[in-house]
Amino acid sequence: MKYAIIAAGEGSRLAQEGVHAPKPLVKVNGEQLIDRLIRVFMDNDATEIIVICNEVMTAVAAHLADVERNGLYGRRVPLRYVVKSTPSSMHSFFEISRLLGDEPFVLTTVDTIFREQEFREYVKAFGQTEADGMMGVTDFIDDEKPLYVGVKSVAEAASPAGEALSTMGEAGGFAEITGFFDTREELTASHQESDAEAIFISGGIYGLKASAIETLNRCMERGESRMRNFQRGLIRDGLRLRAYPFTKVLDIDHATDIAKAEEFLKER
């Protein structure tokens with residue numbers, strides 16, 4: 001499996017709040033965010049890890065050069081990275097898309113915090129799905145501008161071994177995604193509210209097949225930006241997307257989020 005990390009943001013809010021390390025190098029439980037993702041991806045059979053960082057935070061590029069040369073935690077890392085400043089996360093995705101080839105891949109932003117066991121189960125489920133994409137979602141809403149995910153009735157799919165997958169809201173279950181909405185009111189007005197008990201938002205974990213790159217190119221040609229517009233483009237282009245529930249996914253946008261993430265990862 002290929003993995004990709006968008007690490008091109010400047011982390012301006014963190015800097016304003018006294019966190020002076022570039023966001024990818026911010027530590028959670030003593031581990032830098034970029035190193036944590038690389039380690040987790042290596043633990044999930046990464047054939048290649050592709051990263052984009054900006055030109056301003058030279059310490060991040062220097063760290064990636066060291067990882068490429070010397071490995072991480074005693075392991076060689078199949079790393080490729082791009083150093084380029086971009087105006088949005090979707091533009092960053094576009095810059096590394098040409099390196100992804102024709103294989104399925106999982107993309108995240110550098111500050112995405114999740115439970116490793118849940119991620120392992122997610123990668124397994126994505127590897128088994130026939131859909132064009134599998135998006136990590138959560139009913140834990142602690143985001144300033146969450147992206148709400150509309151889902152249809154729960155799909156009763158089967159694994160290659162013939163075992164039925166569980167319903168939405170349980171590990172392994174997934175439903176068809178029908179839309180992405182900026183507000184809960186838009187979700188409700190569209191009559192696309194989830195059939196599950198909870199309302200889900202995007203967790204910023206994107207498992208995609210190569211066909212998604214065509215949508216990305218079309219979004220760029222239209223002058224669009226932001227990953228949420230790319231996700232809407234996937235629906236508009238008729239790609240089949242599934243939602244995979246995580247119990248909780250956190251982002252590191254503020255200094256207080258670091259303590260939240262550390263407590264979350266210590267929970268059983």
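FYI, side chains are in, hydrogens and waters are out, and symmetry mates aren't considered; it's all heavy atoms of this structure.
At least one donor-acceptor pair under 3.5 Å links the side chain of Arg240 to the backbone N or O of Glu130. Formation of a donor-acceptor pair under 3.5 Å by the Asn54 side chain with backbone atoms of Gly9 is found in this model. Checked by atom type and distance alone, the side chain of Thr108 never pairs as donor or acceptor with a backbone atom of Ile5 at under 3.5 Å. The main-chain N or O of Asp253 is found under 3.5 Å from a side-chain atom of Asp257 such that the two form a donor-acceptor pair. For Asn217 (side chain) and Glu214 (main-chain N/O), no donor-acceptor pair under 3.5 Å exists by modelled atom type. A donor-acceptor pair under 3.5 Å is formed between the side chain of Lys2 and the backbone N or O of Leu100. Distance alone, capped at 3.5 Å, places no donor-acceptor pair between the Thr129 side chain and the Phe126 backbone.
The minimum heavy-atom distance linking Arg36 with Phe114 is given by the pair NH2-O, 2.6 Å. Nearest heavy-atom pair across Ala131 and Lys209 is O-NZ, 2.9 Å. Nearest heavy atom pair, residue Lys27 against residue Glu262, reads O-OE2, 4.2 Å. The two residues Ile205 and Val106 come nearest to each other via the heavy atoms CG2-CG1, 4.2 Å. Nearest heavy atoms, Pro78 versus Ala46: CG-O, 3.9 Å. Taking both residues in full, the closest heavy atoms of Leu234 and Thr215 are given as N-CG2, 3.6 Å, listed atom of the first, atom of the second, then distance.
Of the candidates Lys23, Lys260, Arg13, Lys23 is the only one forming a salt bridge (Lys or Arg N to Asp or Glu O under 4.0 Å) with Asp111. Screening Val67, Asp66, Leu72 for a side-chain contact (heavy atoms from CB on, under 4.5 Å) with Asn70, the sole residue that qualifies is Asp66.
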TODO: Check the pair Arg184 / Thr188 against side chain to side chain contact (heavy atoms under 4.5 Å, CB included), numbers first and verdict last.
DONE: CA-CA 6 Å; Arg184 182 164 179 167; Thr188 303; 4.3 Å; yes
Open item on the list: If you apply the rule side chain to side chain contact (heavy atoms under 4.5 Å, CB included), what do you find for Lys248 with Glu267, and how did you get there?
Closed with: CA-CA 11 Å; Lys248 190 183 290 187; Glu267 295 172 3; 4.1 Å; yes
TODO: Go through Met1 and Asn44 one step at a time and tell me if the side chain to side chain contact (heavy atoms under 4.5 Å, CB included) criterion holds.
DONE: CA-CA 8 Å; Met1 180 77 70; Asn44 286 275; over 6 Å; no
Open item on the list: Using salt bridge (charged side-chain N to carboxylate O under 4.0 Å, His left out), reason through Arg232 and Glu224 one step at a time and then give a plain yes or no.
Closed with: CA-CA 11 Å; Arg232 292 184 180 113; Glu224 296 176 351; over 6 Å; no
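The closest side-chain heavy-atom distance from Arg75 to Asp43 is below 4.5 Å. Two residues are said to be in side-chain contact when any heavy atoms from C-beta on lie closer than 4.5 Å; Val149 and Phe180 meet this criterion. Within the 4.5 Å cutoff, the side chain of Val26 has heavy atoms near those of the Ile258 side chain. A 4.5 Å side-chain heavy-atom check between Arg39 and Glu116 finds at least one atom pair inside the cut-off. Side-chain contact between His63 and Gln32 is present, with at least one heavy-atom pair separated by less than 4.5 Å. Contact of the Asp182 side chain with the Leu147 side chain is registered, since non-hydrogen atoms from C-beta on lie closer than 4.5 Å. The side-chain heavy atoms of Leu208 and Phe105, taken from C-beta on, include a pair separated by under 4.5 Å. Counting heavy atoms from C-beta outward, Cys53 and Val83 have side chains that approach closer than 4.5 Å.
Inspection of the Ser89 and Ser92 side chains reveals no N or O donor paired with an N or O acceptor under 3.5 Å. In the model, Gln231 has no side-chain atom that pairs as donor or acceptor with a side-chain atom of Arg228 under 3.5 Å. Side-chain N/O atoms of Thr247 and Arg115 include a donor and acceptor closer than 3.5 Å.
Annotation: the span from Leu25 atom CG to His20 atom NE2 amounts to 14.5 Å, rounded to 0.5 Å. Within the model, atoms OG of Ser85 and CD of Glu55 stand 4.0 Å from one another, a figure rounded to the nearest 0.5 Å. Going from atom CG of Leu107 over to atom CE of Met227 covers 5.0 Å, rounded to the nearest 0.5 Å. Distance check, rounded to the nearest 0.5 Å: OH of Tyr244 to CD1 of Ile177 gives 13.5 Å. How far CD1 of Ile52 is from OH of Tyr81: 13.0 Å, rounded to the nearest 0.5 Å.
Remark: Arg242 fails to qualify as a cation-pi partner of Tyr122 under the 6.0 Å distance and 45° angle criteria applied to the six-membered ring.
Applying the side chain to side chain donor-acceptor pair (under 3.5 Å) criterion to Glu221, with sequence neighbours excluded, gives no partner residue. Remark: Arg98 engages no residue in a side chain to side chain donor-acceptor pair (under 3.5 Å) (not counting sequence neighbours). With sequence neighbours excluded, the residues satisfying ring pair (Phe, Tyr, Trp, His ring centres under 6.0 Å) with Phe230 are Phe93.
Between Phe119 and Tyr3, the ring-plane angle classifies as tilted under the 30° and 60° cut-offs.
In the hydrophobic clustering of ILVMFWY residues, with side-chain heavy atoms under 4.5 Å counting as a link, Val77 and Tyr73 come out together.
More than 12 heavy atoms of other residues, nucleotides or ligands sit less than 6.0 Å from atom CD of Gln117.
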